[in-house]
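No hydrogens, no waters, no symmetry mates; every other heavy atom, side chains included, goes into these values. We count ligands from 1, going down the list as the structure has it; atoms in each ligand are counted the same way. Numbers for residues simply follow the sequence, beginning at 1.
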Amino acid sequence: MGPDAAAQHADDSITTDVGLLRIDHVGVAVADLDAAIEFYARVFGMTCVHIEENPEQGVREAMMRVGPTPEGGCVQLLAPLTPESAIAKFLDRSGPGVQQVAYTVRDVEVAAAALRERGMRLLYDAPRRGTAGSRINFVHPKDAGGVLVELVEPA
Ligand code: V0V
């Protein structure tokens, strides 16, 4: 058994599959949403397929489709709605750039429980509302190698 397999078998009590299906989107913090939409369309040829305000998350966001079909995935542009929002804080600390990596999951509650079982801190006790009626939760970046990981169960 190689080191990877050994690590996998280190705790036989962990049995629940996290249920990742694919990369849902990569989230990028921006100061000006309209300017960022124009930039990603003009420079990379991406198409804006959805714009939404999410007051609970403190964001105005745009989904930019990569490539001609939905299988290409999306970049999510995230602009702060208020100075207290997570995105405003991120911009103050790090400037514009990648703020999160989001995975589509079969069931966000199952995924969260499976990750808690593996010692990860989930930010919410229960899923909250994300883009287009999805249900979302996050793994704290300090538990995931410095990456804010979002779990997305589509509507
Ligand atoms: C903070 N840190 C990060 C980070 N944010 N590291 C990597 N990526 C990030 N995005 C680091 C930071 O540099 C500090 O490192 C440490 O974490 C501070 O931890 P903290 O005091 O808990 O930090 P806060 O108060 O800045 O909060 C960070 C968290 C917050 C992740 C807890 O941003 C949050 O609640 N995020 C989840 C909600 C969210 O991001 N909403 C916007 C997207 P040092 O200095 O200690 O080393 S909304 C969305 O995605 C939607 C609607 C959707 O997809 O549908």
Is the shortest distance from a Lys or Arg side-chain nitrogen in Asp34 or Arg60 to a carboxylate oxygen in the other one below 4.0 Å?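 Looking at Arg60 together with Asp34, the answer is yes, because their closest N to O distance falls below 4.0 Å.
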
One thing to verify: whether Arg22 and Glu71 come together as a salt bridge, which I'm taking to mean a side-chain N less than 4.0 angstrom from a carboxylate O. no

May I ask whether [X] places a heavy atom under 4.0 Å from ligand 1?
X: His140; answer: yes
X: Arg129; answer: no
X: Gly146; answer: yes

Any N or O on Glu150 sitting closer than 3.5 Å to an N or O of ligand 1? yes

Ligand 1 to Asn54 polar contact by distance, N or O atoms, under 3.5 Å: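 No, no N or O pair falls under 3.5 Å.
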
For [atom], is the nearest protein heavy atom under 4.0 Å away?
atom: atom 45 (O) of ligand 1; answer: no
atom: atom 24 (P) of ligand 1; answer: yes
atom: atom 16 (C) of ligand 1; answer: yes

In terms of atom number and element, which parts of ligand 1 are under 4.0 angstrom from non-hydrogen atoms of [X]?
X: Gln76; result: 50 (O), 51 (C), 53 (C), 54 (O), 55 (O)
X: Lys142; result: 14 (C), 15 (O), 16 (C), 17 (O), 44 (P), 46 (O), 47 (O)
X: Ala86; result: 33 (O), 39 (C), 40 (O)
X: Gly130; result: 55 (O)
X: His25; result: 54 (O)

Relative to atom 14 (C) of ligand 1, which among Gln57, Lys89, Arg93, Arg128 owns the nearest non-hydrogen atom?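 Minimum heavy-atom distance to atom 14 (C) of ligand 1 goes to Arg93.
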
Would Ser85 and Gln57 satisfy side chain to side chain donor-acceptor pair (under 3.5 Å), going step by step from the backbone distance to the final call? CA-CA 7 Å; Ser85 81; Gln57 290 293 328; over 6 Å; no

Indicate whether the side chain of Thr16 and that of Glu117 have a donor and an acceptor atom separated by less than 3.5 Å.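 Yes, Glu117 and Thr16 have a side-chain donor paired with an acceptor closer than 3.5 Å.
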
Do Phe138 and Val149 come close enough that some side-chain heavy atom pair is under 4.5 Å? no

Quick check on side chain to side chain donor-acceptor pair (under 3.5 Å): which of His50, His25, Gln99 does Gln76 satisfy it with?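 Result for side chain to side chain donor-acceptor pair (under 3.5 Å) with Gln76: His25.
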
Are there more than 12 heavy atoms of other residues, nucleotides or ligands under 6.0 Å from atom CG of Asp125?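 It does not: Asp125 CG has 12 such atoms or fewer within range.
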
Residue portion contacting ligand 1 (non-hydrogen atoms closer than 4.0 Å) for Leu123: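 Under 4.0 Å from ligand 1, Leu123 contributes side-chain atoms alone.
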
